[in-house]
Amino acid sequence: DAKTTQPPSMDCAEGRAANLPCNHSTISGNEYVYWYRQIHSQGPQYIIHGLKNNETNEMASLIITEDRKSSTLILPHATLRDTAVYYCIVRVEAAGNKLTFGGGTRVLVKP
Amino acid sequence: DAGVIQSPRHEVTEMGQEVTLRCKPISGHNSLFWYRQTMMRGLELLIYFNNNVPIDDSGMPEDRFSAKMPNASFSTLKIQPSEPRDSAVYFCASSSSLGNQPQHFGDGTRLSIL
């Protein structure tokens, strides 16, 4: 699976949109971009995933560049409960669905 | 709906003792994963099963670790004998192996080996 690069940390203001970047310049055509987050003392939580089209669900939006070498996770109205470590993962569609977690971005939502 | 259920939530034991961690996946999921999380190494995949069969155990650190999945609704991760360096949070996750279904994680077992 391709490697991803994320900033180690970022702050955002409560009520504002949080834009989390991820670089995956070596992504191949059959690899999907997944986002998970981990709130303190909990297991990782699935947020969203996509291949090449932008995706939106009740939690977030995923914007993937046309060349697919980077993506942005958008939390439209950050709340204090969104404080967590966010992981961007690239994965091939294959049996087993293995996930390889990197260091992620530690997001602190401030009041 | 019930999520992935892990037990115990916390375990403290002395080195040399056998430790058994338990996981009940989400009903209908046929893939199960065991991960370990430490400050130094982050989240690491230890082993995963498809349809109760171990597929990849290359992440299992050594022979002291073993995992079983006797049926679709139960899995165990055993450490025997345990060592202080095994202290970590152990997560179980499950998913459907069809398409790109996401993994759903339990809340983990926090293991401390004294």
Side-chain angles (χ1 to χ4, degrees), chain A residues 1-6 8-9 24 27-53 55-60 62 64 68 71 73 84-106, chain B residues 2-7 9-10 21 23-26 29-60 69 88-111:
Chain A
D1 295 335
K3 181 178 172 58
T4 62
T5 303
Q6 299 177 253
S9 64
H24 30 79
I27 193 170
S28 58
N30 62 346
E31 290 182 309
Y32 286 70
V33 180
Y34 280 74
W35 283 84
Y36 281 75
R37 73 180 182 183
Q38 188 173 22
I39 297 169
H40 182 63
S41 297
Q42 297 181 20
Q45 178 189 23
Y46 166 77
I47 302 173
I48 199 167
H49 74 281
L51 181 62
K52 53 184 177 181
N53 297 324
E55 302 287 343
T56 295
N57 63 21
E58 66 279 4
M59 291 182 67
L62 173 60
I64 302 174
R68 301 208 324 120
S71 59
L73 180 74
V85 179
Y86 287 76
Y87 296 98
C88 170
I89 300 166
V90 169
R91 185 180 65 78
V92 174
E93 177 183 2
N97 300 334
K98 291 197 296 181
L99 295 173
T100 302
F101 288 83
T105 296
R106 188 172 298 275
Chain B
V4 175
I5 300 172
Q6 293 187 243
S7 64
R9 288 297 313 276
H10 304 273
L21 311 181
C23 175
K24 177 178 170 55
I26 292 173
H29 284 183
N30 59 343
S31 293
L32 184 138
F33 308 80
W34 282 100
Y35 291 85
R36 178 173 68 176
Q37 186 171 34
T38 61
M39 289 291 291
M40 291 294 293
R41 300 175 66 90
L43 262 166
E44 305 173 283
L45 178 67
L46 299 177
I47 185 172
Y48 76 91
F49 296 81
N50 273 354
N51 297 316
N52 312 337
V53 176
I55 302 300
D56 184 352
D57 65 354
S58 59
M60 296 285 264
M69 192 163 186
V89 182
Y90 290 81
F91 290 104
C92 176
S94 71
S95 74
S96 168
S97 61
L98 299 176
N100 282 294
Q101 298 304 306
Q103 293 180 25
H104 297 270
F105 286 74
D107 282 334
T109 295
R110 184 172 296 274
L111 177 64

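Quick note on labels: first sequence line is chain A, next is B, and so on, each numbered from 1. These numbers were taken from a predicted model, which means no experiment stands behind them.
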Problem set entry | Part of Asp56(B) lying under 4.5 Å from any heavy atom of chain A |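 Side chain only.
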For this session: Let me know if Leu45(B) has heavy atoms under 4.5 Å from chain A in its side chain, its backbone, both or neither.
Result: side chain
Compare every heavy atom of [Y] with every heavy atom of [X], then report the nearest pair and how far apart it is.
X: Gln37(B); Y: Tyr87(A); result: NE2-OH, 3.8 Å
X: Tyr46(A); Y: Gln103(B); result: CB-O, 4.1 Å
X: Ser41(A); Y: Arg110(B); result: OG-NH2, 4.4 Å

For this session: Measure distances from Gln45(A) to the heavy atoms of chain B and classify the residue's part below 4.5 Å as side chain, backbone, both or neither.
Result: neither
Problem set entry | Residues in side-chain contact (heavy atoms from CB on, under 4.5 Å) contact with Pro25(B), at least two apart in sequence or another chain |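 In terms of side-chain contact (heavy atoms from CB on, under 4.5 Å), with neighbours along the sequence ignored, Pro25(B) is linked to Leu32(B), Met69(B), Ser94(B).
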Exercise. Taking C-beta and beyond as the side chain, do Tyr35(B) and Leu99(A) meet within less than 4.5 Å on heavy atoms?
Worked result: yes
Exercise. Take atom CZ in Arg41(B); do more than 12 heavy atoms of anything else shown fall under 6.0 Å from it?
Worked result: no
Exercise. Among Gly102(A), Pro44(A), Gly104(A), Gly43(A), which residue forms the greatest number of heavy-atom pairs with chain B at distances under 4.5 Å?
Worked result: Pro44(A)
Problem set entry | Side-chain donor/acceptor of Tyr36(A) to backbone N/O of Pro102(B), under 3.5 Å | no
